[in-house]
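In what follows, a structure is listed as structure tokens, so that the remarks can point back to it.
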Amino acid sequence: MAAWSNWSASVQAAPRKIARPETLQALQRRVVEADKVRVAGAGHSFMPLCETDGLLLDLSALEGDIEVAPDRKTAWAPAGWSLKRLTRALWDLGLSLPNQGDVNPQALAGALATGTHGTGRDLGSLSTFAHAYRLVLADGSAVEVDRGRDPELFEAQRLALGLLGVVTAARIDVLPAFKLEERIVKRPLAEVMETFDALAASHRHVEFFVFPYADQAILKTLHPIEAEDTPRPAKPSNEEAIFQALCDLGARAPVLIPSLQRIMTRAASPQHRIGPAWRVFPSERNVRFEEMEYEVPRAAGLEALKAVTDWIRRRRLPVAFPFEFRWCAGDDIWLSPFNRGPGASVSMHQYAPMPWRELFAEAEAIFRDHGGRPHWAKRHTLSRAEVDALYPAAERFRAQRRRVDPSGKFLNGHLAALFE
Ligand SMILES: Cc1cc2nc3c(=O)[nH]c(=O)nc-3n(C[C@H](O)[C@H](O)[C@H](O)COP(=O)(O)OP(=O)(O)OC[C@H]3O[C@@H](n4cnc5c(N)ncnc54)[C@H](O)[C@@H]3O)c2cc1C
């Protein structure tokens, strides 16, 4: 038995074995020999997606390299590389990813498997960037799927939670390398909410963070720029250490949380930097939290955020972390929460050592009232019947899963309840 835990430590698993194959043949052999298999990327999912008592695969050492298409618009990329390794290597080839989320330790395949997204009025999730997949199926065969070759399997694979096979590479969109200018400023929440549409129209990426008990929001914009890089700070900022200390204080004395949040917001300093996109997209996230996130139709996004934060204030609930509000473009992926059109994404976080389960469950009801569907990697309590009600293509997805994995090799308890 081995031990495995996710980033937030809320999922503790005991796989029979963790294997790190280096060749395709070794990977195929492992898949054929095992009864139960899951693949883990960086373990950044909050849901028990990687949980297994069978074989847990780690693809970070698998052979393979980036292969750029002659038109330089797409590239095959190794599935087990972290986004950090991938985006740095793309930069050296004169390329960037069109968009990224908040952090970059995730494996490429891990990010694609759950619809990981950043923010941007017209930018889809990372899953929308993938146009072809190389997979090792449950019977050990290696296949390549795209819109022309086994199109049903490709459509299912576009957001598949690791249920259809082991991804070894994906052909993804790339852009000529670009730099970004990041600005982080404090603004009254009411003003940010009133002007968010205009802000999103004038910046390629815009989002804001707000503590439930604060009236000021932290507004972050990223915009492509051609300019000199700003110097990198000589010593790391101590903001995270202060945040950690205040979270600990709030956990011990929840009654102080509203005042602590006002102090933290008041103390937040403006930030400005320019640098390569791969370096500016991600932020540091060292204070551990648990997270849920709902994607709601864009027009209902700000109302949903307001409804949840009003509920927290009204009930004086101990929520120590800020909310994050982003936009993501619509898509046509069967299991994507953005497949009904442009969406707004509202993330609710809780400091990891503090209770979150009941708070999140109650907040889900509010998000659902606003037409929300959860991020698959973040805490949710959807039942199979709810999946069917929210996703008309769910059974079509299951049919592909049954076709390529009839014995349920890639299922675990959580996923079997929803997709067997
Ligand atoms: C600090 C932090 C910040 C985050 N920021 C964002 C954000 O900005 N935007 C956002 O949308 N999400 C965000 N997330 C969520 C995160 O992007 C997703 O959970 C993502 O799936 C994690 O990638 P991973 O490599 O850690 O995958 P894991 O959590 O390890 O796995 C996720 C899924 O991918 C599958 N998988 C992984 N590799 C393969 C493979 N080779 N073949 C088949 N299946 C595979 C796994 O089986 C599992 O089902 C964040 C999470 C954390 C902890």
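Whatever order the structure lists ligands and atoms in, that order sets their numbers, starting from 1. Heads up: numbering here begins at 1 and tracks the sequence. Please read all numbers here as calculations on a predicted model, not as lab measurements.
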Could you tell me whether the side chain of [X] and the main chain of [Y] form a donor-acceptor pair under 3.5 Å?
X: E324; Y: F209; result: no
X: W376; Y: L335; result: yes
X: Y213; Y: I312; result: yes
X: H380; Y: L382; result: yes

Note the single closest protein heavy atom to [atom], along with its residue, its atom name and the distance in Å.
atom: atom 44 (N) of ligand 1; answer: G162 CA, 3.4 Å
atom: atom 6 (C) of ligand 1; answer: K378 NZ, 4.0 Å
atom: atom 4 (C) of ligand 1; answer: V103 CG2, 3.7 Å
atom: atom 22 (C) of ligand 1; answer: Q106 CG, 3.5 Å
atom: atom 30 (O) of ligand 1; answer: G41 N, 2.7 Å
atom: atom 36 (N) of ligand 1; answer: V39 O, 3.9 Å
atom: atom 19 (O) of ligand 1; answer: S45 OG, 2.8 Å
atom: atom 27 (O) of ligand 1; answer: G110 CA, 3.5 Å

Answer yes or no: is there an ion pair linking [X] with [Y], defined by an N-O contact shorter than 4.0 Å?
X: E295; Y: K378; value: no
X: R396; Y: E155; value: no
X: E33; Y: R30; value: no
X: E293; Y: R326; value: yes
X: D332; Y: R340; value: no
X: D139; Y: K409; value: no
X: R298; Y: D197; value: no

Mind checking whether [X] contacts ligand 1 via backbone (N, CA, C, O), side chain (CB onward), both or neither, at a 4.0 Å heavy-atom cut-off?
X: F289; result: side chain
X: A42; result: both
X: L59; result: side chain
X: H375; result: side chain
X: T114; result: side chain
X: A113; result: side chain
X: A111; result: backbone

Measure from NZ or CZ of [X] to the centre of the six-membered ring of [Y], then state whether that distance is under 6.0 Å and the direction lies within 45° of the axis.
X: R373; Y: Y391; value: yes
X: R204; Y: F178; value: yes
X: R134; Y: W76; value: yes
X: R85; Y: W81; value: yes

Please check whether [X] reaches ligand 1 - meaning an N/O of the residue sits under 3.5 Å from an N/O of the ligand, judged on distance alone.
X: A107; value: yes
X: A79; value: no
X: R285; value: no
X: G101; value: no

Work out whether the distance between some heavy atom of [X] and some atom of ligand 1 is less than 4.0 Å.
X: G165; value: yes
X: F46; value: yes
X: E291; value: no

So if I count the atoms of ligand 1 from 1 in the order they appear, which ones are less than 4.0 Å from some heavy atom of [X]?
X: C50; answer: 28 (P), 30 (O), 31 (O)
X: A377; answer: 18 (C), 19 (O)
X: L49; answer: 48 (C), 49 (O)
X: H117; answer: 7 (C), 8 (O), 9 (N), 10 (C), 11 (O)
X: V166; answer: 42 (N)
X: T116; answer: 9 (N), 10 (C), 11 (O), 12 (N), 16 (C), 17 (O), 18 (C), 20 (C), 21 (O)
X: A40; answer: 30 (O)
X: L161; answer: 49 (O)

Looking at CH2 of W327 and CG of D122, how far apart are the two atoms once the value is rounded to the nearest 0.5 Å?
9.5 Å
Please assess R403 against D150 for the test salt bridge (Lys or Arg N to Asp or Glu O under 4.0 Å), listing each intermediate value before the final yes or no.
CA-CA 12 Å; R403 174 168 77 89; D150 206 339; 2.8 Å; yes
Which of W356, F360, F211, F243 passes ring-ring contact (aromatic ring centres under 6.0 Å, His included) with F321? Answer is F243
Nearest non-hydrogen atom to atom 52 (C) of ligand 1 belongs to which of R326, E295, R38, H44?
H44
